[in-house]
Amino acid sequence: MIETRKFGVTKNGAEVLCFTLKNEKIAVEILNYGGVIRALYTPGKQGLCDVVLGYDTLAEYEENDGYLGAVIGRVANRIRDGKMTVDGKEYQLAQNDRTRTLHGGKEGFDRKIWSYALEDDTLILRYFSPHMEENFPGNLMAEARYSLNDNALVLEYTACADAKTPINLTNHSYFNLGGEGSGTVLNHRLRLLSDRYTAIDGDMLPVSLEPVEGTPFDFRQGKRIGEDIDADFPQLRLGHGYDHNYCLDSQDKVSLFASVYCPETGILLDAYTDLPGVQFYSGNFLDQNGKRSHYGKRSGFCLETQFYPDSVNHPEFPSPFFNDGEVYESTTIYRFSVSSGFAEDSRKEIKD
Ligand code: GAL
C-alpha cells in the first residue's frame with residue numbers, strides 16, 4: 001500500500017510529496033526531493049522504531065548537508081581534483097569538497113525534484129540530468145524504484161545516457177537500529193563480508209587495496225562498530241573513523257554483504273547488493289538537529305553500495321563508465337528483523 005501526502009514547498013516554490021510504503025512488517029517514507037528515505041519504521045523488542053536519520057521539514061533538507069537518506073548521483077563519493085578523462089577528453093567537474101567533486105557536485109541528485117509514478121506497490125522516481133550538468137557529459141535519465149518485499153526495502157536503480165559517462169548511484173541513509181536520535185551506533189555489532197578495502201590518502205581518496213586481515217578494518221566475524229574505532233591506526237586517523245570503501249565479491253548477483261545488530265532493540269539489518277563496493281561510513285562528521293534530537297558524531301552509520309571512490313581515475317577498479325545507450329542497473333536491499341544476534345542463514349544469496 002502507498003499513501004501520498006504533501007510534505008512541503010521548496011525555496012523555489014516546488015511542491016514536494018511524501019510517499020509512505022507500508023505492509024504488515026515495515027513502513028517507509030520517501031520524498032520526491034532527492035529520493036530521500038525520510039523514515040523507516042520496523043519492530044524492535046519494545047515496539048516500533050524509526051531506524052533512519054532524517055528531518056521533520058523540507059527546509060532542513062535544503063539547508064543541511066550530510067545527504068541524509070538521499071539518492072546520490074551522478075557519481076557517488078569523491079573524484080580527485082574533480083577531474084576525469086572520457087575518450088581522451090578531460091572534464092573539469094564541479095568541485096564542492098575543496099578541490100574534489102563529492103557526491104555528484106554542487107547540486108547533486110540529492111537536491112533535485114524527481115518526477116514520480118506509482119505502479120502497484122512500487123514507487124518510481126525519475127530524474128533527467130542534462131548534458132554538462134555539474135560538467136558531466138551526456139543527457140542522462142535515472143530511475144529509482146522503491147518497494148517492500150516482506151520485511152525488506154528493495155531499491156532498484158537504472159540509468160542510461162546518450163554519451164559515454166560515469167554512473168554511480170547510491171542511497172545515503174544513515175541507520176541507527178536503536179532508533180534515530182537514541183545516541184551513537186558504537187555498540188551496534190557489524191559483520192561485513194569483505195576481505196579488502198581501499199586505503200585512502202590525506203585527501204580521503206583511494207591509493208591502494210589492502211587486506212582487512214589483522215587490522216581494525218576486519219569485520220568478517222562481526223564485532224562492535226566502536227571496538228577498534230579509536231585504535232592508533234593510520235587509516236582510522238585519515239578517515240576520522242571508518243569512512244572507507246570495502247570491496248565486495250557479489251559478481252553481479254544480489255548477495256548479502258553486511259549484517260548489523262543492535263542488542264538494545266534486537267533489530268537486525270541484513271544488507272544485500274549486486275554492486276562491487278560499499279562505503280562503510282561511521283557518521284564521523286554528523287552534527288545537526290534531526291527528527292527526535294540532535295544527531296552527534298557517530299549517531300548513525302551508512303552502507304553506501306557503489307563503484308569504488310574515484311574509480312573514474314582508476315582503470316584497475318571496476319569501471320563506472322557506461323557507453324551511449326548502455327544501461328546501468330543495480331539493486332540494494334535492506335532487510336529488517338528482530339533477532340538475538342546474527343542469523344547464520346542470512347548469509348545465503350537472496351533474489352527478490
Ligand atoms: C559520506 C562520505 C563522507 C562524508 C559524508 C557526508 O558518503 O564518505 O566522507 O562526506 O558522506 O557528510
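Note that the structure is a prediction, hence the values are computed from the model and not measured. Order of appearance sets the numbers: ligands from 1, and atoms from 1 within every ligand. Position 1 is the first residue of the sequence; numbering continues from there.
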Distance from atom 4 (C) of ligand 1 to nearest protein heavy atom, with residue and atom: Phe285 CD1, 3.8 Å

Identity and separation of the nearest protein heavy atom to atom 1 (C) of ligand 1: His172 NE2, 3.2 Å

Students often mix this up, so state it plainly: with edges at 30° and 60°, are the rings of [X] and [Y] parallel, tilted or perpendicular?
{"X": "Tyr281", "Y": "Tyr174", "value": "perpendicular"}
{"X": "Phe342", "Y": "Tyr261", "value": "perpendicular"}
{"X": "Phe19", "Y": "Tyr116", "value": "tilted"}

Heavy-atom pair with the smallest gap, counting every atom of Gly241 and Ile229: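 Minimum heavy-atom separation between Gly241 and Ile229: CA-CG1, 4.1 Å.
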
Heavy-atom proximity to atom 7 (O) of ligand 1, best of Glu304, Met204, Gln279, His240: Glu304

Backbone or side-chain N or O of Tyr67 under 3.5 Å from ligand 1 N or O: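 In this structure, Tyr67 places no N or O atom under 3.5 Å from an N or O of ligand 1.
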
Mode of Arg78 contact toward ligand 1 - side chain, backbone, both, neither (heavy atoms, under 4.0 Å): side chain

Proximity to ligand 1 by part of Leu102, non-hydrogen separation under 4.0 Å: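 For Leu102, only side-chain atoms sit under 4.0 Å from ligand 1.
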
Val278, Leu169, Ile333, Asp274 screened by side chain to side chain contact (heavy atoms under 4.5 Å, CB included) with Thr305, the one that passes: Val278

For Asp243, atoms of ligand 1 separated by under 4.0 Å from a heavy atom: 2 (C), 3 (C), 8 (O), 9 (O)

salt_bridge(Glu210, Arg196) N-O dist < 4.0 Å: no

